[in-house]
Amino acid sequence: MKKGDHLFLVDGSGYIFRAYHALPPLTRKSDGLPVGAVSGFCNMLWKLLSEARDTSVGVTPTHFAVIFDYSSKTFRNELYPEYKANRSAPPEDLVPQFAVIREATRAFDLPCIEMEGFEADDLIATYARLAREAGADVTVISSDKDLMQLVGPQVSMYDSMKDRQIGVPEVIEKWGVPPEKMIDLQALTGDSVDNVPGIPGIGPKTAAQLIEEFGDLDTLLERAGEIKQNKRRENIIEFADKARISRELVRLKDDVEVTEKLDELVLNPLDGPKLVAFLKGMEFTSLTRRVAEATETDASAVDAAEVAVDAAAEMRGPDLDPGKAGKAGASGTSGKGDDTPQGLAKRRAEATASAKIDTSAYETLRDIDQLKAWCAMARERGLVAFDTETTSLDAMQAELVGFSLALPETAPDTGDLMVRACYAPLMHSNGAGDLLGGGGAQAGQMPMQEALSELKALLEDPAVLKIGQNLKYDMLVMAQHGISIESFDDTMLLSYVLEAGAGGHGMDSLSERWLGHTTIGYKDVTGSGKNAIPFAEVQIDKATAYAAEDAEVTLRLWHVLKPRLVADGVASVYERLERPLAPVLMRMEKHGIRVDRQILSRLSGELAQGAAALEAEIQELAGENFNVGSPRQLGEILFDKMSLPGGTKTKTGQWSTTAQALEDLAAAGHELPRKIVDWRQLTKLKSTYTDALPGFINPETKRVHTSFAMAATTTGRLSSSDPNIQNIPVRTAAGRKIRTAFIAEPGNVLISADYSQIELRVLAHVAHIPQLTQAFADGVDIHAMTASEMFGVPIEGMPSDVRRRAKAINFGIIYGISAFGLANQLGIERSEAGEYIRKYFERFPGIKDYMEATKAEAKENGYVTTIFGRRAHYPEIRSSNPQVRAFNERAAINAPIQGSAADIIRRAMVRMEPALEKAGKKARMLLQVHDELIFETAEADAGSIIPVIVEVMENAAMPAVDMAVPLKVDARAALNWDEAH
DNA sequence: CCTATCTCTTA
DNA sequence: GTAAGAGATAGGT
């Protein structure tokens with residue numbers, strides 16, 4: 001930037017609030033998204049930019065930036081904890097607009113700048129100073145008096161709503177003091193909106209007069225005794241300290257270490273189609289037309305952009321209200337009269353939890369008319385809790401035994417929530433195999449088909465919200481009967497979004513936690529162990545108490561948890577990453593993957609042979625027969641009997657026989673440990689995979705249907721079980737053979753598409769590491785680049801060991817590195833590992849900053865956040881036990897990285913089916929392995945489908961987050977998983 | 001029969 | 001150093 005340049009700085013946050021209050025309320029897009037403030041903001045930007053192109057107007061910007069508040073927690077809160085403490089929460093319909101306005105800024109191709117710990121005003125002050133020092137002129141687009149201290153010969157302000165220029169004369173005219181005295185003036189008057197104290201009884205007029213008389217604040221405070229008016233004199237003397245604090249609060253910080261440099265703010269020509277796409281998506285018809293004309297864009301040829309209601313704004317929503325949010329969340333008061341989302345959520349929780357649950361009051365639906373009556377009531381209410389009872393935990397093999405419903409009612413006297421619940425038994429039978437014959441249906445059950453057709457009408461009615469706990473399971477059960485569940489909420493997912501890491505999300509623990517109610521256990525009705533009976537054989541009255549209670553508890557949980565979604569600012573995580581994924585995963589599980597029984601059986605035989613041969617050799621070398629699979633017996637043989645050196649003990653005092661320990665012994669020339677390692681590999685592969693997998697082949701579908709758990713991990717990853725397909729071997733040749741058993745149907749192929757280095761890319765983005773960002777932009781080998789930076793070795797011809805070390809360090813960083821862990825991984829001394837880490841931090845100082853900031857955030861809030869707003873809770877990070885604490889710190893450092901990557905692939909999965917549909921190709925998504933998606937499709941279609949898959953995956957973060965680093969996806973098709981991967 | 005411990009597989 | 005699930009053994013009930 002140079003003399004003659006002109007920088008425009010838009011006070012985005014200030015503008016949002018002004019536009020919101022100035023414009024007619026309740027301007028909404030057709031999908032209900034409130035967009036009034038967005039509309040005002042876009043019109044303002046367009047006006048500024050189109051005038052900028054009109055050279056007849058005097059002022060034309062060469063550089064441009066829009067600045068936002070990041071959160072209200074700034075250095076000012078350290079100075080004065082009450083700062084902005086009386087702010088009320090932003091209006092509910094404004095909250096979602098914060099994110100959209102950032103999106104709008106990007107659509108205009110303008111830099112969108114915000115920084116944690118600083119207000120927009122500080123960033124504006126900093127850029128204004130930098131530009132001034134470069135000799136350029138500055139216009140601040142705002143009318144906020146807090147910014148008037150910046151006005152001077154090179155800096156002026158512009159009130160875009162009143163179309164008014166604010167220079168030095170205007171400041172003097174309005175406030176009676178020149179801009180440089182504005183700080184002193186505000187120190188005296190204070191600010192009730194921001195809770196800046198000032199001096200009581202002094203307003204702008206008196207303040208200006210005092211400053212005129214004494215020159216500045218310090219002089220005034222020194223000579224306050226000279227003031228004639230008694231009360232005024234006393235107040236100034238008494239509250240002198242408050243005035244000094246106030247001065248520091250209103251003084252803008254103009255030396256923030258900003259990341260975007262001035263030259264990056266240069267104003268580029270508008271990208272017409274991009275902006276038109278956004279405006280079209282927002283349904284701003286007249287602005288769309290104006291922009292299309294001015295940029296010569298054919299609006300009809302541009303697809304409307306998806307509008308982001310992203311997490312970032314919701315994250316900040318409650319932050320804007322530290323006072324009330326904090327009080328409502330933490331104090332024990334009932335929050336009566338508190339109309340913030342936090343207050344409402346709290347009142348709802350208290351009212352719901354205080355109610356008694358009576359499991360003897362449930363209705364059993366015996367005939368179809370009773371069911372019809374309940375369905376009619378559900379339609380009237382528009383919402384119903386629903387739960388299925390089945391014969392199996394495996395939803396693919398489960399038979400429907402009955403279902404329960406629960407409806408909300410309002411108590412006439414107190415207005416509290418009351419719940420009516422019922423159970424409809426469908427397939428209960430008498431115990432089979434006893435002397436009386438048994439096996440017949442229990443009396444008083446309605447015909448299955450009629451019941452199902454009533455149920456279908458209810459579940460598929462989008463006007464009735466279905467509430468369930470782990471509804472993916474019920475969806476799968478109902479899908480077997482050709483029934484889908486159309487609009488729904490899931491209490492398990494609500495709980496997961498609200499408090500992943502803070503406790504379990506099963507119904508029993510949720511009921512204890514939120515309702516203080518202990519539910520009837522499944523085992524209480526079925527018995528356990530060898531006395532257990534199938535649920536279908538449970539007496540109907542007992543089943544009614546159990547099943548209807550589940551529906552009631554689910555409904556009550558929903559009443560408690562759903563309002564907290566908005567109160568806690570995590571609604572978009574639920575709406576975009578959790579709820580829409582449930583039916584997607586349901587279909588993946590339902591489809592399953594074909595597994596070749598013959599291949600596994602052959603492998604089992606080979607493995608058995610190999611293991612048997614090794615076992616014989618092992619017994620021979622050991623000189624006795626022992627259980628090779630028993631670590632305890634093995635440890636005694638190796639370290640007591642044979643007295644091999646270097647043995648270590650586990651925490652329970654047993655000899656450690658880990659693969660690493662055995663490898664070390666093998667390296668020292670001992671034959672036995674090597675054979676143990678080999679034997680373990682073979683038996684592991686056999687027992688866990690080749691023997692176990694065939695047992696998961698569904699007899700009906702002949703395919704394997706894993707179960708994906710959506711609420712199992714703290715970070716947002718999925719987990720897989722029954723069988724776990726996320727740990728199928730890949731690293732060794734022997735292990736990979738197991739993957740060859742995962743095959744496509746004849747005529748089909750499997751496609752595997754996986755993200756390349758997604759976690760390191762996320763790290764580069766969240767920690768703002770320029771070298772990493774550049775390396776990914778250039779597509780260079782990231783580990784080699786790291787090695788080159790650290791060890792000064794050129795990338796060309798780098799020894800593989802140097803790269804290996806750098807790779808271990810990169811992974812270590814993601815895992816919250818410790819010298820101990822890195823030393824272990826690389827087999828080097830801890831001191832050497834510590835030296836590597838020191839060097840790494842020296843070369844990439846941003847990483848250290850990121851780690852410290854993340855730890856501090858976790859300690860402060862009890863949780864950390866992904867780039868999409870998902871929270872991972874670490875309550876034990878404040879533990880007094882240093883080991884526990886350190887472990888939680890590492891986990892907290894890892895969670896935003898692992899979790900953001902998990903969010904990205906979730907977004908891809910949610911968008912994948914519509915994208916494939918739109919491309920007109922039939923392809924089924926089958927599996928997810930953290931950074932990889934597996935599909936099956938007709939062989940002839942693979943070539944045309946791969947680009948669609950890659951496109952969806954690589955753009956999955958957009959538009960909610962515009963990553964600083966490109967995402968890269970590799971995809972391949974083959975007849976089996978091993979070759980596709 | 002249930003649970004804890006140890007080990008090993010994946011990203 | 002992060003995140004998972006699962007099998008075998010051993011020891012309690």
Side-chain angles (χ1 to χ4, degrees), chain A residues 500-501 523 528-532 626-635 649-662 676-677 679-689 691-693 696 706-709 712-732 734-736 738-739 754-760 763 808-826 830 833-834 836-837 851 854 864 872 874 886-899 901-902 905 927-932 981:
Chain A
K523 283 172 189 160
S528 71
K530 67 176 165 44
N531 299 319
F626 72 106
N627 183 346
V628 184
S630 166
R632 211 184 69 165
Q633 293 179 33
L634 174 63
K649 298 274 181 89
T650 66
K651 62 177 174 234
T652 52
Q654 272 197 63
W655 290 111
S656 170
T657 65
T658 61
Q660 185 61 59
L662 298 176
I676 303 279
V677 170
W679 179 88
R680 277 192 182 163
Q681 189 194 16
L682 299 186
T683 53
K684 174 78 176 175
L685 293 175
K686 182 170 184 293
S687 66
T688 310
Y689 302 106
D691 287 352
L693 276 173
F696 287 101
T706 185
S707 175
F708 288 107
T713 71
T714 302
T715 55
R717 274 193 179 178
L718 302 177
S719 77
S720 152
S721 64
D722 308 298
N724 179 358
I725 52 78
Q726 293 180 323
N727 69 348
I728 303 296
V730 71
R731 293 203 227 276
T732 65
R736 271 198 301 276
I738 291 162
R739 291 199 169 210
D754 69 300
Y755 283 107
S756 160
Q757 309 282 14
I758 188 167
E759 292 192 345
L760 278 174
L763 175 69
I809 294 167
N810 275 334
F811 276 97
I813 295 296
I814 291 170
Y815 298 155
I817 204 153
S818 77
F820 180 86
L822 183 63
N824 250 357
Q825 176 67 32
L826 287 176
R830 205 188 305 191
Y836 284 175
I837 295 169
M851 289 180 151
T854 307
V864 291
Y874 294 94
F887 176 78
N888 278 272
E889 285 173 356
R890 290 194 297 271
I893 287 168
N894 171 254
I897 304 168
Q898 186 184 117
I905 197 165
L927 303 176
Q928 189 247 45
V929 191
H930 309 309
D931 65 357
E932 174 188 14
H981 184 71

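Quick caveat, the model's predicted, so the values are computed rather than measured. To find a chain, count down the sequence lines: A is the first, B the second, and so on, and within it residues start at 1.
A:S720 and A:Q726 make their closest contact through N-OE1, 3.2 Å (heavy atoms, listed as atom of the first residue, atom of the second, distance). Between A:T706 and A:S721, the closest heavy-atom pair is OG1-O, 3.2 Å. Taking all atoms of both residues into account, the shortest heavy-atom contact from A:N727 to A:N724 is OD1-O, 3.2 Å.
When heavy atoms are screened at a 4.0 angstrom cut-off, A:A819 is found touching no nucleic acid atom at all. A:R890 comes within contact range of the sugar-phosphate backbone alone, with a heavy-atom separation under 4.0 Å but no base atom that close. Looking at heavy-atom distances under 4.0 Å, A:A532 makes no contact with the nucleic acid at all. Using a 4.0 Å heavy-atom distance criterion, A:T683 is classed as making no nucleic acid contact. Heavy atoms of A:F811 sit nowhere under 4.0 angstrom from any nucleic acid atom.
Contact check, A:T658 against B:dC8: no side-chain N or O comes under 4.0 Å of OP1 or OP2. Contact annotation: A:R680 side-chain N/O to B:dC8 OP1/OP2 distance is under 4.0 Å.
Here the straight-line distance linking atom CD1 of A:I897 with atom CG of A:L763 works out to 4.5 Å at 0.5 Å rounding. Note: A:I814 CD1 to A:I893 CD1 = 12.5 Å, rounded to the nearest 0.5 Å.
For the segment residues 719-729 of chain A, residues with any heavy atom less than 4.0 angstrom from an atom of DNA chain B are, sorted by number, A:Q726, A:N727, A:I728, A:P729.
Atom OH in A:Y689 sits roughly 7 Å away from atom C1' in B:dC8 (whole-Å rounding).
Between B:dA11, B:dC6, C:dA4, one nucleotide has an atom nearer to the side chain of A:T713 than all others, and that is C:dA4. Nearest to the side-chain atoms of A:V730 among the listed nucleotides C:dT2, B:dA11, C:dA4 stands B:dA11.
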- Message: I need a per-nucleotide contact map over nucleotides 7-13 of chain C, read 5' to 3'. Cutoff is protein heavy atoms under 4.0 Å; write B for the base, S for backbone only, - otherwise.
- Response: SSSSS--

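Around atom NZ of A:K523, no more than 12 heavy atoms belonging to other residues, nucleotides or ligands sit under 6.0 Å away.
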